[in-house]
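Accompanying notes for the structure given below.
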Amino acid sequence: MPTLATALLQGLKDHGARELFGIPGDFILPLFKVVEESGILPYFTLSHEPAVGFAADAAARYQSTLGVVVVTYGAGAFNVVNAVAGAYAERSPVVVVAGAPGARERTSGLLLHHQARSIDTQLAVFREITCDQAVLDDPATAPQAIARVLRSARERSLPVYIEVPRDRVDAPVAPVPVLPRRTADPDALAECAGEIAALLGRAERPVMVVDVEIRRYGLEERVATLARRLGLPVVTTFMGRGLLQAAPDVRRGTYLGSAGDPAVTRLVEEADALLLLGVILCDTNFALSEKRFDWRHTVLAIDRGVRIGHHTYPELPIEDLVDALIARAGPEIAARPRTLPPLEDYPRGLVADDTPLAPSDVAAAVNDLLDRHGPLPMTADIGDCLFVAMEIDNTALAAPGYYAGMGFGVPAGIGVAAATGQRPLILVGDGAFQMTGWELGNCRRYGLDPIVLLFNNASWEMLRVFQPESRFNDLSDWNFAAMAPALGGHGERVATRRELAAALERAIARRGMFSLIEVMLPRGATSRTLARFVTGLKSARDRQAG
Ligand SMILES: Cc1ncc(Cc2c([C@H](C)O)sc(CCOP(=O)(O)OP(=O)(O)O)c2C)c(N)n1
Ligand SMILES: [Mg+2]
């Protein structure tokens, strides 16, 4: 008969988890012992809990399955709150497994180490940033509770919380079942698909807009098929950047409102029907829209619901909707005859000369590199590096574009490398690197060799563009490249286009250790995309101030 620990780990694996990230502590040591000795799931420890949270989140995004983070009670769990909050905002199904005191400790009458206000404060905090929770204090009900919570994580693509009292780890329990997926009511699904088909059929300029949920539910291929069957051009949101990498025939670019490619902006804002699949209606995606949605001609499928006009179909999973629309659509048809924007032309052909580097040069150099060597999974932090990522040809990208929490980039890259065995390209600014970049020191243990592009402008530049008068945005130059060897990697500084192109080629050829390329940039210089974003935001604010 399994124990609570082995049943939980096997249950995670049966629900799609492929590895876990964590940092042990005395309240979770018994479970961590089983993690190590059972071998049910590969596990990776890093140096600070925000990093294992980000790594689990990125692993979930890249594999379109559950990510798992295992932390100790209190000090460990509260350290991972920000990463889980970001996963919630961006709909990444991270399973938080947190240690907790045992039954006897609870009644000792003593305040326990790692305890905050009360023993259950940890559960109360995670209730706010997860969609379902279970406290495994009763072996008789634990398997069903685990099954219920893991199904919630998969169906909602949101984080969940599982609390493991440390005196329950070895309790004998029944195996964790996998509960059946809750599908759409067939009549509601038929009615909804029919209504959407009619709306699109009446339109002359319909457009499909896609965002993170089509990745979370592994729907990219089916969505591309649907677009071909309906003859719809597809645009990604800012958050959805990197989606449909394998479908360049349908993908027409990324919608950035007034900061984006005018042809793509026109395509979306002049559409007479919008099919929004998995789209988060957030400011990052739509703050720069020059036109508000006309809900009479807009369909939004997200979070197991479908809104059409001013009515909603509840409990209608997006994967069922996409399948139903594909089933109704005829054979592939050519896009309706109208001028479509050319596929976005990304900067390429960087002249490798002695011109000092500007941020957008990095995008051109990376596009040239990927043209020569093939795509690399990419992670980006918040900062101008994320806007440079918008100038890099559509390659898979994991970045906190909406939640916008710094520190994600490097741990996320480590998570992708550990989970998938692929070699990621990590984009990070100096400010964000100061937060979590040191996690690169863990690459040696696991034989990971990411390529890190560190944008060193000795500045919190994204803040400076909004508030140039503030001197607190001035950072000192930490000379990060010089520290790379001590962390087990290779580091070099580049200041010209020639140096960057050569360093990238050397990094591609260098295997078995991380390669950190410190790109020296002047304060005040930003990418073309960030400059347009800031201009767009300022004019949007002026319009609102009216
Ligand atoms: C955890 C955390 N703390 C603070 C912020 C605010 C913030 C930004 C956003 C607006 O909230 S952008 C930014 C500066 C980033 O500096 P760096 O990494 O060097 O990149 P760059 O120089 O390209 O700006 C900060 C501090 C944040 N997003 N996340
Ligand atoms: Mg900076």
Side-chain angles (χ1 to χ4, degrees), residues 48-51 53-54 57 78-90 129 238-239 259 282-285 287-288 357-363 366 379-392 399-413 426-440 452-481 493-495 516-538 540-541:
H48 193 203
E49 282 87 358
F54 292 134
D57 178 348
F78 291 134
N79 245 351
V80 86
V81 165
N82 188 44
V84 175
Y88 192 100
E90 302 190 356
I129 52 175
F238 183 101
M239 273 294 298
C282 63
D283 55 1
T284 308
N285 283 340
L288 301 189
L357 284 168
S360 291
D361 291 338
V362 179
V366 169
T379 65
D381 217 299
I382 279 299
D384 195 18
C385 62
L386 178 57
F387 293 86
V388 169
M390 295 294 122
E391 298 171 15
I392 291 174
Y402 158 40
Y403 183 70
M406 284 163 71
F408 179 89
V410 167
I426 299 170
L427 308 183
V428 60
D430 57 314
F433 191 92
Q434 290 178 18
M435 292 185 179
T436 59
W438 314 108
E439 296 290 348
L440 288 174
V452 182
L453 280 168
L454 196 164
F455 295 60
N456 188 357
N457 48 21
S459 166
W460 285 330
E461 198 58 32
M462 252 194 88
L463 299 185
R464 189 192 305 280
V465 295
F466 291 109
Q467 195 164 297
E469 67 276 20
S470 298
R471 289 192 312 283
F472 52 65
N473 291 319
D474 298 350
L475 303 180
S476 52
D477 175 0
W478 284 31
N479 196 345
F480 300 95
R493 294 189 131 188
V494 296
L516 187 146
I517 301 174
E518 186 179 12
V519 181
M520 304 312 291
L521 296 164
R523 281 182 187 151
T526 65
S527 64
R528 284 190 288 274
T529 304
L530 178 55
R532 289 202 306 263
F533 222 81
V534 171
T535 307
L537 274 177
K538 284 177 178 168
R541 282 176 190 160

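Indexing begins at 1, ligand by ligand and atom by atom, following the structure's order.
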**Message:** Within less than 2.8 Å, report the number of protein N/O/S atoms around the Mg ion (ligand 2).
**Reply:**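 The number of such protein atoms is 3.
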**Message:** Please report the interatomic distance CG(Asn82) to CZ(Phe54), rounded to the nearest 0.5 Å.
**Reply:**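 So the gap between those two atoms works out to 5.5 Å.
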**CG-OG1 distance between Asp384 and Thr526, expressed to the nearest 0.5 angstrom** =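 Between Asp384 CG and Thr526 OG1, I get 5.5 Å after rounding to 0.5 Å.
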Is there a donor-acceptor pair under 3.5 Å between the side chain of [X] and the backbone N or O of [Y]?
X      : Y      : value
Asp361 : Ala358 : yes
Ser527 : Leu530 : yes
Glu391 : Ala363 : no
Glu518 : Phe480 : yes

Measure and list all N/O to N/O distances between ligand 1 and the protein that fall under 3.5 angstrom.
from, atom 1, to, atom 2, distance (Å)
ligand 1, 18 (O), Gly431, N, 3.3
ligand 1, 18 (O), Ala432, N, 2.9
ligand 1, 19 (O), Asp430, N, 3.4
ligand 1, 19 (O), Asp430, OD1, 2.8
ligand 1, 19 (O), Gly431, N, 2.8
ligand 1, 19 (O), Ser459, O, 3.0
ligand 1, 22 (O), Asn457, OD1, 3.2
ligand 1, 22 (O), Asn457, ND2, 3.0
ligand 1, 22 (O), Ser459, O, 2.9
ligand 1, 22 (O), Glu461, N, 3.0
ligand 1, 23 (O), Asp384, N, 2.8
ligand 1, 24 (O), Glu461, N, 3.2
ligand 1, 24 (O), Met462, N, 2.7
ligand 1, 28 (N), Ala404, O, 2.8
ligand 1, 29 (N), Met406, N, 3.0

Below 3.5 Å, can you tabulate the donor-acceptor pairs from side chains in residues 427-434 to any protein atom, sequence neighbours excluded?
from, atom 1, to, atom 2, distance (Å)
Asp430, OD2, Ala458, N, 3.3
Asp430, OD2, Ser459, N, 3.2

**Prompt:** In chain order, what residues pass the salt bridge (charged side-chain N to carboxylate O under 4.0 Å, His left out) check against Glu49, with sequence neighbours excluded?
**Reply:**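 Glu49 satisfies salt bridge (charged side-chain N to carboxylate O under 4.0 Å, His left out) with no other residue.
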**Request:** Might you work through the side-chain contact (heavy atoms from CB on, under 4.5 Å) test for Asp477 and Met520, ending with a clear yes or no?
**Result:** CA-CA 10 Å; Asp477 175 0; Met520 304 312 291; 3.8 Å; yes
